[in-house]
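Counting starts at 1 for both ligands and their atoms, in listed order.
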Amino acid sequence: MQLQNAIALVTGGASGLGRATATRFAQAGAHVVICDLPSSAGASVAAELGKNAIFCPTDVTSEADVLAAIAAGEAAFGKPINVAINCAGIAVAARTVSKKGAHDLATFQRVLNVNVAGTFNIIRLVAARLAETEAGPDGERGVIVDTASVAAFDGQIGQAAYAASKGAIAAMTLPIARDLSGFGIRICTIAPGLFKTPMLASLPEQVQNELSKTVPFPSRLGDPSEYAMLAQHIVENPMLNGEVIRLDGALRMAPK
Ligand SMILES: NC(=O)c1ccc[n+]([C@@H]2O[C@H](COP(=O)([O-])OP(=O)(O)OC[C@H]3O[C@@H](n4cnc5c(N)ncnc54)[C@H](O)[C@@H]3O)[C@@H](O)[C@H]2O)c1
């Protein structure tokens, strides 16, 4: 699938990895629908990207919001969508048992709801729409990219909820690729290591430096544009499907 003239829905597109992807895709000639919370910087990011981008205030866990975003994108750019990039997500840090007692169950459920149900909500609704569209000459109807984390495989102390959510995103990649293969829809998941987004940039410089040293090579935090580069490659490479790709400079997280 070529990005030029494609319509790509990017969740979490107002910040960090999603914002970098929206920017790269718009520069590559795609039309971008930035889906992020109403409170996000989505409107100003879309304005910055110009006529190739619109902002649709979206909570990824809402069926009505996601259907409205698909419809708004198609109305704005005058053709069916082709691509969805799932970057919306939240992280919490809480141990299974701490001085405060047992892990709060509502917090665990909130992380699973946003990260897993939210990601799947986009996948199911976008895929259903893609299934109605005409296939390209190679039989392809669309491409979906999800975002897990290295925490899916080596979650740290305090990451039970986050790792469970990212593990679920990694685990559902292959069955969804199998489900959607008959429609000519591909799906891959990127599992990033440590990237310099607002999520990490808010940490003290010294902590960022310590984190950088844990990455074998290159020994630094990833730049969001490097995530965007891989997202573009997944969209464009027809043989990539059903795979989870670590993007981490060979990082393996220690217990803490
Ligand atoms: N930054 C990293 O090092 C890193 C590493 C591994 C995985 N990830 C994952 O990458 C994704 C993007 O992370 P980031 O670092 O860019 O974070 P970020 O906080 O900069 O961006 C996340 C965006 O998601 C949006 N969002 C949150 N809940 C939402 C909802 N219910 N509906 C719509 N939008 C919602 C936020 O408003 C925000 O704009 C997340 O899923 C995160 O878990 C990040």
Side-chain angles (χ1 to χ4, degrees), residues 9-24 32-46 55-70 84-93 107 109-123 125-126 145-156 159 161-170 173 189-203 207-208 211-212 214-215 220-228 230-231 244-249 251-253:
L9 200 134
V10 183
T11 79
S15 177
L17 305 182
R19 180 179 181 158
T21 305
T23 304
R24 185 178 177 97
V32 178
V33 183
I34 294 173
C35 297
D36 208 309
L37 294 172
S39 56
S40 73
S44 60
V45 173
F55 171 53
C56 289
T58 310
D59 182 332
V60 290
T61 64
S62 155
E63 174 169 309
D65 283 7
V66 174
L67 288 174
I70 295 170
I85 310 292
N86 274 307
C87 287
I90 56 171
V92 297
T107 303
Q109 288 165 333
R110 185 167 60 87
V111 175
L112 271 283
N113 191 40
V114 173
N115 293 1
V116 186
T119 296
F120 189 67
N121 195 34
I122 293 279
I123 293 169
L125 295 171
V126 166
V145 178
D146 286 352
T147 309
S149 163
V150 293
F153 313 105
D154 19 274
Q156 296 187 290
Q159 286 193 321
Y162 185 68
S165 74
K166 296 303 184 175
I169 291 171
T173 308
T189 293
I190 301 175
L194 297 168
F195 277 70
K196 194 158 185 160
T197 67
M199 227 181 221
L200 278 189
S202 59
L203 295 173
V207 178
Q208 290 188 37
L211 284 172
S212 299
T214 64
V215 186
R220 59 168 173 79
L221 300 180
D223 189 276
S225 65
E226 292 160 341
Y227 171 98
L230 180 55
V244 180
I245 305 167
R246 289 182 74 127
L247 185 66
D248 63 5
L251 172 68
R252 297 296 178 269
M253 302 293 277

**Student:** Using a strict cut-off of 4.0 Å, indicate which atoms of ligand 1 neighbour a heavy atom of Thr147.
**Tutor:** 9 (C), 10 (O), 11 (C)
**Student:** Which one holds for Thr11 and ligand 1: side chain close, backbone close, both close, or neither close, with close meaning a heavy atom under 4.0 Å?
**Tutor:**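 It is neither part, as no heavy atom is under 4.0 Å.
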**Student:** Please list the nearest protein heavy atom to atom 1 (N) of ligand 1 with its residue and the distance rounded to 0.1 Å.
**Tutor:** Thr197 OG1, 3.1 Å
**Student:** Is there a heavy atom in Ala91 that sits closer than 4.0 Å to ligand 1?
**Tutor:** no
**Student:** If you count the atoms of ligand 1 from 1 in the order shown, which ones are under 4.0 Å from a heavy atom of Phe195?
**Tutor:**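 Numbered from 1, ligand 1 contributes 1 (N), 2 (C), 3 (O).
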**Student:** Of all the heavy atoms in Lys166, does at least one lie under 4.0 Å from an atom in ligand 1?
**Tutor:** yes
**Student:** Which ligand 1 atoms are under 4.0 Å away from a heavy-atom of Thr58?
**Tutor:** 32 (N), 33 (C)
**Student:** Side chain, backbone, both or neither: which part of Leu194 comes within less than 4.0 Å of ligand 1 when only heavy atoms are counted?
**Tutor:** backbone
**Student:** Could you check if a side-chain atom of Met253 sits within less than 4.5 angstrom of a side-chain atom of Leu194, using non-hydrogen atoms only?
**Tutor:** yes
**Student:** List every atom of ligand 1 that sits less than 4.0 Å from any heavy atom of Cys87, numbering the atoms from 1 in the order shown and giving each element.
**Tutor:**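 Listed by number with element, the hits are 11 (C), 12 (C), 40 (C), 41 (O).
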**Student:** Is Ala148 in contact with ligand 1, taking contact as a heavy-atom separation below 4.0 Å?
**Tutor:**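 Contact present.
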**Student:** Within the 4.5 Å heavy-atom criterion, are Gln208 and Lys196 side-chain neighbours or not?
**Tutor:**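 Of all side-chain heavy-atom pairs linking Lys196 with Gln208, at least one is under 4.5 Å.
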**Student:** Does ligand 1 have an atom that lies less than 4.0 angstrom from a heavy atom of Tyr162?
**Tutor:**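 It does; at least one heavy atom falls under 4.0 Å.
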**Student:** Would you check whether Gly118 reaches within less than 4.0 Å of ligand 1, judged by its heavy atoms?
**Tutor:** no
**Student:** With side chains defined as the heavy atoms from C-beta onward, is the minimum distance between Asp248 and Val215 less than 4.5 Å?
**Tutor:**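 When only atoms from C-beta onward are counted, Val215 and Asp248 do not touch, as no gap falls below 4.5 Å.
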**Student:** Which option wins on minimum heavy-atom distance to atom 27 (C) of ligand 1: Gly16, Gly18, Ala20, Gly89?
**Tutor:**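 Among Gly16, Gly18, Ala20, Gly89, the closest heavy atom to atom 27 (C) of ligand 1 belongs to Gly89.
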**Student:** Looking at side-chain heavy atoms only, is the closest gap between Pro192 and Thr147 below 4.5 Å?
**Tutor:** yes
**Student:** Indicate yes or no: at least one non-hydrogen side-chain atom of Thr58 is less than 4.5 angstrom from one of Val66.
**Tutor:** yes
**Student:** Find out whether Val145 and Thr21 are in side-chain contact, i.e. whether some heavy atom of one side chain is under 4.5 Å from a heavy atom of the other.
**Tutor:**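 SC-SC contact between Val145 and Thr21 ruled out.
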**Student:** Within less than 4.0 angstrom of ligand 1, does Gly193 place any heavy atom?
**Tutor:** yes
**Student:** Counting each atom of ligand 1 from 1 as listed, which ones have a heavy atom of Leu17 under 4.0 Å away?
**Tutor:**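 Contacts of ligand 1 toward Leu17, numbered from 1: 10 (O), 16 (O), 44 (C).
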**Student:** Can you check which of Ile169, Ile190, Asp59, Ile34 brings a heavy atom nearest to atom 31 (N) of ligand 1?
**Tutor:** Asp59
**Student:** Around atom 38 (C) of ligand 1, find the nearest protein heavy atom and jot down its residue, atom name and distance.
**Tutor:** Asp36 OD2, 3.6 Å
